[in-house]
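See below for the structure under consideration.
Values in this document were obtained by computation on a predicted structure and should not be read as measured data.
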2 protein chains.
Amino acid sequence: MRSYAQYCGLARALDVIGERWSLLLVRELLDGPRRYNELLAGLPGVATNLLAERLRSLEAGGVIARRDDARYALTPWGQGLHEVVYALGRWAGPLMAQPRGGDAFQSSWLRHMVIARFEGHDPLRRDLSVELRCDGADPMTLVAAGGRVHIATRAASTPDVTLAGPPEPVVGLLLGRITRAQAEARGVRARGDVRRLTGLRPRGERQAATLSRA
Amino acid sequence: MRSYAQYCGLARALDVIGERWSLLLVRELLDGPRRYNELLAGLPGVATNLLAERLRSLEAGGVIARRDDARYALTPWGQGLHEVVYALGRWAGPLMAQPRGGDAFQSSWLRHMVIARFEGHDPLRRDLSVELRCDGADPMTLVAAGGRVHIATRAASTPDVTLAGPPEPVVGLLLGRITRAQAEARGVRARGDVRRLTGLRPRGERQAATLSRA
DNA sequence: CTGCATCCGGGCCGATACTG
DNA sequence: CAGTATCGGCCCGGATGCAG
């Protein structure tokens with residue numbers, strides 16, 4: 001890519017990872033080393049030549065490295081993009097309840113969304129277990145305990161709350177951006193006391209309108 | 001821009017701010033509302049039609065708004081990109097000591113770099129005042145007091161340390177990525193006890209090699 | 001002077017075909 | 001499995017024009 005030619009941290013960062021697909025490729029590698037075809041599967045829509053070109057570019061930039069086992073992995077510096085990727089994911093919160101037909105969807109993306117939203121310790125967080133059954137993804141269980149949230153990639157035995165249905169309203173309800181009625185009108189089957197979901201979020205962030213796009 | 005068509009927070013965020021120049025435009029607006037020509041001056045290298053097109057795109061996306069006084073300003077949601085921009089700026093730290101001739105440079109970018117690196121409270125931070133005189137930028141003073149860092153856009157009366165010279169080695173020395181000898185070899189005039197700069201950074205981050213690109 | 005719109009050449013992107 | 005080759009089209013960058 002053409003350089004911005006600005007002595008500014010943001011500009012120099014974008015010179016390295018600002019090209020199309022680059023950050024999504026980093027997202028895939030945040031889950032660990034991946035082979036070329038695994039990356040191709042995790043990036044629906046990317047052309048094969050573009051993936052190869054981005055892999056070369058990010059390797060030259062010191063973000064990723066090709067390992068002996070023919071897998072690509074983030075360098076220690078590249079792993080620092082975790083904060084950038086999650087900051088962008090959190091910022092996109094207000095967009096996640098919006099329906100947009102035709103979007104691809106994968107279990108690992110749902111896990112990233114949940115982690116980005118709930119990572120870190122919060123002493124006010126209430127204990128809770130939530131089973132998520134999004135259409136097109138494996139069942140997943142969010143467990144809040146001791147102020148921290150953990151996510152397991154399997155169904156729960158006795159969840160406090162279960163949300164099943166299309167990804168957008170399920171996530172929208174989980175993030176507190178839509179009401180239970182709105183979610184159910186959009187195909188969500190909710191079981192348990194949905195109001196307890198607000199206990200996952202800090203006091204100041206329990207209103208759905210907070211940081212709304214509108 | 002063409003959508004990634006992925007139901008993922010990162011992908012939906014990049015659908016809104018992933019185009020070339022968009023985040024740099026946001027960077028300029030983090031300093032407050034700006035007129036079209038002010039933005040043009042703050043984004044050396046951008047074509048006039050592209051700036052107009054990005055302004056339209058970001059306005060349609062709900063990131064910025066055109067105000068009555070013909071200025072552009074971030075919406076409350078758009079201001080949330082502060083964390084994204086600074087996370088990218090911090091990640092670029094290892095790149096900032098590298099010389100790259102021809103890069104444009106502005107005082108406000110230097111201020112952003114310093115804030116991105118030192119913002120927040122750190123009880124172990126030592127009190128210190130540092131005057132920065134980068135070629136091509138107005139003199140600036142970094143003041144650490146009570147665990148916090150504040151930055152003033154003027155010269156200091158009696159700074160503990162003064163760094164003057166080209167931006168890259170001045171910033172490289174401030175961030176602890178190069179030694180005093182390396183900085184002076186690259187044209188930096190340093191006065192005062194440069195070793196005290198390490199007191200600006202938390203204990204664990206006082207080695208220049210930390211998070212190196214190599 | 002501000003705030004764009006238009007035009008054009010070149011480069012990047014996207015889709016498909018193909019190869020070691 | 002892991003890419004390369006090719007090609008059409010869109011986007012970007014630079015120059016210029018122009019209305020308020």
- Comparing B:Glu53 with A:Glu38, nearest DNA chain D nucleotide closer to 5' gives the residue A:Glu38
- Task: Using atom CZ of A:Arg67 as one end and atom P of D:dA2 as the other, report the distance to the nearest whole Å.
- Result: 13 Å
- Query: Can you tell which of A:Leu174, A:Leu110, A:Val188, A:Leu163 makes a side-chain contact (heavy atoms from CB on, under 4.5 Å) with A:Cys134?
  - Reply: A:Leu110
- Message: Base, sugar-phosphate or nothing for A:Arg71? Non-hydrogen atoms, less than 4.0 Å.
- Response: nothing
- For A:Tyr36, is the NZ or CZ atom of A:Arg66 found under 6.0 angstrom from the centre of its six-membered ring and inside 45 degrees of the ring axis? no
- Task: With B:Val63 as reference, evaluate B:Leu29, B:Val16, B:Leu25 under the side-chain contact (heavy atoms from CB on, under 4.5 Å) test and give the passing residue.
- Result: B:Val16
- Take atom CZ in B:Arg100; do more than 12 heavy atoms of anything else shown fall under 6.0 Å from it? yes
- Between atom CZ in B:Arg35 and atom C1' in D:dG20, what is the gap in whole Å? 13 Å
- For residues B:Arg27 and B:Leu43, determine if any side-chain heavy atom of one lies less than 4.5 Å from a side-chain heavy atom of the other. yes
- Under 4.0 angstrom, heavy atoms only, what part of the nucleic acid is B:Ala52 near: base, sugar-phosphate, or nothing? sugar-phosphate
- Query: Taking CG from B:Leu51 and P from D:dA15, how many angstroms apart are they, rounded to a whole number?
  - Reply: 17 Å
- Note on the structure: The reported gap from CG in B:Asn49 to CZ in B:Arg54 (rounded to nearest 0.5 angstrom) is 9.5 Å
- Between D:dC11 (C1') and A:Glu19 (CD): distance, integer Å: 14 Å
- Message: If the cut-off is 4.0 Å, is A:Arg20 near the phosphate of D:dC11, judged by side-chain N/O to OP1 or OP2?
- Response: no
- Donor-acceptor pair present, A:Asn49 side chain and D:dG3 base, under 3.5 Å: no
- Message: Any side-chain N or O of B:Arg54 below 4.0 angstrom from OP1/OP2 of D:dC11?
- Response: no
- Atom pair distance, as rounded to whole Å: CE in B:Met1 and C1' in D:dG9: 17 Å
- Rounded to whole angstroms, how far apart are CD on A:Glu59 and C1' on D:dG3? 14 Å
- Note on the structure: In whole angstroms, the gap separating P of D:dT4 from CG of A:Leu40 amounts to 13 Å
- Message: Of all nucleotides in DNA chain C that come within under 4.0 Å of a heavy atom of chain A, which is furthest toward the 5' end and which toward the 3' end?
- Response: C:dC13 to C:dA17
- Quick note, B:Thr48 side chain, CB onward, closest among D:dC1, D:dT16, D:dG14 is D:dT16
- Query: Taking CG from A:Asp15 and C1' from D:dC12, how many angstroms apart are they, rounded to a whole number?
  - Reply: 15 Å
- Item | Minimum side-chain heavy-atom gap B:Leu23-B:Leu88 below 4.5 Å | yes
